Participant: 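Have a look at this one.
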Amino acid sequence: MMTEPNPDFDPTDAVIARKLRDVLPPADLRRQLLALAPEAPSRWPAWLMSIGAGAVIALVLIGSSLLSPPDSSAAVRDLARFLDSSFELTVVGRPLPELKAWLAAKGHPTGAIPPALAAKVPEGCRLLEWNGIQASLICFETPSGVVHLVTFPAGTFRDLSSTPRFAQSGLWSAVMWRSADADFLRFGDSGAESQRLLL
Amino acid sequence: MDREAAFREAVDAHYQALFRYALSLSQNEPDASDLVQQTYAIYARKGHQLRDPLRVKAWLFTTLRREFFATRRRSARFSDDPDEVAALPAVDIQRLDGIDGETLMAALGRLPVEYREPLTLFYLEEHSYQAIATLLEIPIGTVMSRLSRAKARLRKLLNDD
């Protein structure tokens, strides 16, 4: 905790800050938190765990196809596997324009999202890389279930056109299409019919 | 240092500030306690992957924030209106000194969340402008303008009460 007077504080700020620091957590919170402590030290060094986790994600995301441009079916299969994992979103709780701005600032693709889906509230987004190709993931929660939209640069897949194609991979219904500015792969867990409604 | 010791150190160093931040977001003590517990539960599982111990604080605040917004839709509309009041109203310091922390926290709770968040982080003296900008994923200029407007709004609330 800082003990020197904060140069950014005026006298009113200083009183408010002091009052806020007077707010104390419940008496038993620390005990409850310490009960969450990991019981045993890791059997593996932290750096090795990190490399291992990174390698697993890379293996999941790197498709078997090395052809260029690839077929979207390999991406659908790999991404469905990725979506089954306990992945995390990097930015959450932001409106769609802010998510797209964040992705664009990171140099990842953002295309014109179909209005039916763009009207839904997004959960969040993250960066993806598949076969060395940068992609973007935006997740939405819709009344009929979760929808994950993966955006690739236009022309990434040789088999996509403006006519949507449908596929099933595990529990995920996928729809893929190409727009003027992006190749889209969209995954939903509530069947192909729900996917059609969002086109 | 083993994982249990590192975890204990992370709790003792940050849980009070995290609780105040959580309280400013959730506006009630049970939810704030739950948020802090969720955050440390995730840290217990994943904290060992953090290579730089100096990033623990930023990681904890970011994770708590993510957990909060993952379970609560942001309903407040952003209102970075350049015409909004930015001048700081004067507040009677002696009168302010008579207000307790809970009352102040309640006044903070009446601010839109986009103002409440940076102001809480600022007053907790735990975060620089740059750290707030990084945590909230907004430009530092936006942090400064929101802080200015947030302070003006809070002081107006305190004067009106």
Side-chain angles (χ1 to χ4, degrees), chain A residues 1-6 8-26 28-42 44-47 49-54 86 88-95 97-99 101-102 105 121-124 141, chain B residues 2-8 11-12 15-20 23-24 29-30 32-33 36-37 40-41 43-45 47-51 65-66 68-70 72-74 78 88 90-91 93 96-97 99-105 108 119-120 122-126 129 137 147 151 154-155 158:
Chain A
M1 182 67 66
M2 192 180 294
T3 53
E4 294 294 318
N6 188 324
D8 294 323
F9 281 5
D10 66 19
T12 305
D13 288 331
V15 174
I16 292 174
R18 177 164 49 81
K19 295 287 178 182
L20 279 179
R21 286 197 302 272
D22 286 344
V23 177
L24 294 174
D28 60 345
L29 181 59
R30 181 177 178 275
R31 181 185 55 76
Q32 291 170 348
L33 294 175
L34 292 178
L36 299 170
E39 291 179 358
S42 171
W44 306 98
W47 62 270
M49 295 285 284
S50 299
I51 291 174
S86 56
E88 292 191 350
L89 298 174
T90 309
V91 183
V92 296
R94 301 282 187 178
E98 285 191 29
L99 298 183
W102 184 82
V121 177
E123 287 287 330
E141 194 170 285
Chain B
D2 67 30
R3 285 176 61 184
E4 187 172 357
F7 184 88
R8 176 179 289 268
V11 169
D12 286 336
Y15 90 102
Q16 294 200 1
L18 278 168
F19 174 80
R20 294 182 190 112
L23 188 59
S24 79
E29 192 175 294
S33 295
V36 176
Q37 290 193 50
Y40 276 104
Y43 181 72
R45 291 200 311 273
H48 63 278
Q49 295 174 12
L50 275 175
R51 297 185 201 186
R65 183 171 191 270
R66 189 178 297 157
F68 173 73
F69 283 114
R72 173 193 176 278
R73 297 262 179 263
R74 174 176 293 206
F78 279 81
L88 286 182
V91 176
I93 298 277
L96 184 59
D97 226 3
I99 296 174
D100 62 22
E102 282 73 19
T103 305
L104 196 55
M105 193 63 87
L108 259 181
L119 196 59
T120 306
F122 174 73
Y123 278 143
L124 286 172
E125 297 184 62
E126 297 274 348
Y129 290 147
E137 295 170 322
L147 273 176
K151 282 202 250 181
L154 180 65
R155 291 181 188 196
L158 294 171

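Lettering of chains follows the sequences in order, A, B, ..., and the numbering in each one begins at 1. Since we're looking at a predicted model, the values are computed, not measured.
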Participant: Minimum heavy-atom separation for B:E29 to A:P26, with atom names?
Facilitator: OE2-CG, 3.3 Å
Participant: Set out, in order, the CA-CA distance, both residues' side-chain angles and the distance that settles side chain to side chain contact (heavy atoms under 4.5 Å, CB included) for B:L104 and B:L158, then state yes or no.
Facilitator: CA-CA 8 Å; B:L104 196 55; B:L158 294 171; 3.9 Å; yes
Participant: Can you tell which part of A:L89 gets under 4.5 Å to a heavy atom of chain B, answering side chain, backbone, both or neither?
Facilitator: backbone
Participant: Look at A:K19 together with A:D13 and state whether they make a salt bridge at an N to O cut-off of under 4.0 Å.
Facilitator: no
Participant: Heavy-atom pairs under 4.5 Å with chain B: which of A:D22, A:V91, A:I16, A:L24 has the most?
Facilitator: A:I16
Participant: Quick check: closest heavy atoms across B:A44 and A:L36, and the distance to 0.1 Å?
Facilitator: CB-O, 3.3 Å
Participant: For the candidates B:Y15, B:Y129, B:Y40, which exhibits the highest count of non-hydrogen atom pairs separated by less than 4.5 Å from chain A?
Facilitator: B:Y15
Participant: Side chain, backbone, both or neither: which part of B:Y43 has a heavy atom under 4.5 Å from chain A?
Facilitator: neither
Participant: Give a yes or no on whether the backbone of A:R21 and the side-chain of B:R20 come within a donor-acceptor separation of less than 3.5 Å.
Facilitator: yes
Participant: Specify which of B:L108, B:L154, B:D12 makes the most heavy-atom pairs with chain A at under 4.5 Å.
Facilitator: B:D12
Participant: Side chain, backbone, both or neither: which part of B:L18 has a heavy atom under 4.5 Å from chain A?
Facilitator: neither
